[in-house]
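The shown structure was predicted, so the numbers you read here are calculated from the model rather than taken from an experiment. Sequence lines set the chain letters: A, B, ... in the order given, protein chains first and strands last, and positions in each chain run from 1.
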There are 2 protein chains.
Amino acid sequence: MQTDPDFSLDEVDRQILAELQQDGRMTNVELARRVGLSAPPCLRRVRRLEEEGIIRGYHAELDPVALGYEITFFALVGLESQKEAVLSAFEGMVREWPEVRECHMIRGGGDFLLRLVARDTAHENALTSRLTAAPEVARVQTLQTIRTAKDAAGVPV
Amino acid sequence: MQTDPDFSLDEVDRQILAELQQDGRMTNVELARRVGLSAPPCLRRVRRLEEEGIIRGYHAELDPVALGYEITFFALVGLESQKEAVLSAFEGMVREWPEVRECHMIRGGGDFLLRLVARDTAHENALTSRLTAAPEVARVQTLQTIRTAKDAAGVPV
DNA sequence: GCTTGGCGCGCAATATCATTGCTCGACCCC
DNA sequence: GGGGTCGAGCAATGATATTGCGCGCCAAGC
């Protein structure tokens with residue numbers, strides 16, 4: 001039961017998670033040094049955390065601007081129906097759009113919060129239009145990000 | 001000029017970025033194999049991408065539920081003022097709250113979109129109350145996440 | 001109280017990987 | 001053509017990951 005709230009995570013495990021959340025490419029030797037263990041048991045703990053699904057993966061964090069994405073914005077999308085088929089169809093559609101990075105259903109259905117990236121304002125407008133024009137979409141409210149004060153990945157450990 | 005849109009990123013660089021965004025702990029040997037290079041030039045490219053800030057870091061992705069955070073939600077917060085001092089004060093405050101994982105200013109000031117985590121609904125309510133009670137906060141609208149159809153980190157490569 | 005297991009650590013050995021210096025070929029500008 | 005630059009590959013070295021094994025610690029049973 002990998003989603004069992006903690007209970008089996010001791011202090012060392014939490015420290016390992018905190019370190020790897022902060023720097024996922026740290027060598028096992030360095031990680032072991034920081035948590036006060038020798039390398040082998042440290043690696044075994046990391047493997048266990050991976051196998052239990054507590055560590056889901058490792059990702060490089062890239063600079064969006066360097067890759068040509070100047071704009072990050074959010075969109076609140078309201079659908080005309082709360083029928084499951086409609087909701088799934090919408091989710092399936094945005095799943096295929098590479099510019100849509102996150103799609104969360106909110107308030108019990110019929111509404112979605114999306115996070116998107118765009119190369120420029122023209123691209124952003126095009127994406128908004130595409131959303132508005134999509135079947136069953138009733139409302140689109142875009143939330144342009146002006147500045148980001150905090151962007152911590154993951155969860156506090 | 002690390003934020004210069006691409007131009008200096010060739011096809012191999014992009015492939016490296018895509019692979020590392022997907023699996024940030026891949027060994028350099030494996031990465032080199034996938035992009036069709038030998039290990040040394042591959043490593044040199046990765047180092048260059050790191051030094052130029054195109055790769056900002058590496059992070060483990062953790063299961064929030066396993067760490068005791070059952071709930072992820074968003075909050076739209078409106079302030080009573082758009083004065084820079086007020087905006088900064090609000091940002092400084094939420095920066096200190098571990099449960100606030102992201103804080104984006106939207107629509108030119110006075111409004112913020114936050115992403116938060118909470119252990120349970122009681123915790124969530126407490127956080128919402130704390131937000132509402134904070135100085136200069138005029139409105140708080142919470143957007144409860146019912147289900148997440150897509151949660152891709154980073155940007156398309 | 002001693003024995004018996006289970007559990008998790010550290011040690012040591014080996015395979016794998018990261019990292020450096022060097023050489024070579026391709027391309028460009030003269 | 002003749003430097004010059006750039007980036008790749010090779011080879012050698014140092015670090016790291018990974019495995020097997022033995023030991024000590026704690027807890028349950030006799």
> Taking side-chain hydrogen bond (donor to acceptor under 3.5 Å, both in side chains) as the test, write out the residues that go with B:Asp23, two or more places apart.
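With neighbours one apart ignored, the set is empty.
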
> In a table with atom names and distances, give each donor-acceptor pair under 3.5 Å that connects a side chain of residues 31-41 of chain A to protein atoms at least two apart or in another chain.
unit_1: A:Arg33; atom_1: NE; unit_2: A:Glu30; atom_2: OE1; d: 3.2
unit_1: A:Arg33; atom_1: NH2; unit_2: A:Glu30; atom_2: OE2; d: 2.9
unit_1: A:Arg34; atom_1: NE; unit_2: A:Glu30; atom_2: OE2; d: 2.8
unit_1: A:Arg34; atom_1: NH1; unit_2: A:Glu19; atom_2: OE1; d: 3.0
unit_1: A:Arg34; atom_1: NH2; unit_2: A:Glu30; atom_2: OE2; d: 3.3

> What residues, two or more places apart in sequence or in another chain, satisfy ring pair (Phe, Tyr, Trp, His ring centres under 6.0 Å) together with A:Phe74?
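Result, ring pair (Phe, Tyr, Trp, His ring centres under 6.0 Å) vs A:Phe74: B:His104.
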
> Donor-acceptor check, side chain of A:Lys150 to backbone of B:Arg95, threshold 3.5 angstrom: yes or no?
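It does hold such a pair.
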
> Can you run down the side-chain hydrogen bond (donor to acceptor under 3.5 Å, both in side chains) pairs that involve residues 77-91 of chain A, sequence neighbours left out, and say none if there aren't any?
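Those involving residues 77-91 of chain A are A:Glu84-A:Ser88, A:Glu84-B:Arg147, A:Glu91-B:Arg147.
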
> If we fit an axis to the first five pairs and another to the last five of the helix from C:dG1-D:dC30 to C:dC30-D:dG1, what angle do they make, to the nearest 10°?
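That helix gives 20° between its end axes.
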
> The criterion is side chain to side chain contact (heavy atoms under 4.5 Å, CB included); which residues satisfy it with A:Arg101, sequence neighbours excluded?
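Testing A:Arg101 for side chain to side chain contact (heavy atoms under 4.5 Å, CB included), a comparison that skips the adjacent residues, returns A:Arg115, A:Val117, B:Gln21, B:Ala152, B:Pro156.
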
> Do any side-chain atoms of residues 129-139 of chain A form donor-acceptor pairs under 3.5 angstrom with protein atoms, and if so which ones, sequence neighbours left out?
unit_1: A:Ser129; atom_1: OG; unit_2: A:Asn125; atom_2: O; d: 2.9
unit_1: A:Thr132; atom_1: OG1; unit_2: A:Thr128; atom_2: O; d: 2.9
unit_1: A:Arg139; atom_1: NH2; unit_2: A:Asp111; atom_2: OD1; d: 2.9

> Using a 4.0 Å heavy-atom cut-off to protein, can you give one letter per nucleotide of nucleotides 6-17 of chain D, 5' to 3': B if the base is in contact, S if only the sugar-phosphate is, - if neither?
--BBBB----SS

> Considering only Ile, Leu, Val, Met, Phe, Trp and Tyr, and joining two whenever side-chain heavy atoms are under 4.5 Å apart, list the other residues clustered with A:Leu43.
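Members other than A:Leu43 - counting any ILVMFWY side chain reachable under 4.5 Å - there are none.
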
> Can you tell me how far P of C:dA18 sits from CD of B:Glu50, to the nearest Å?
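Computing the B:Glu50:CD to C:dA18:P distance gives 12 Å.
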
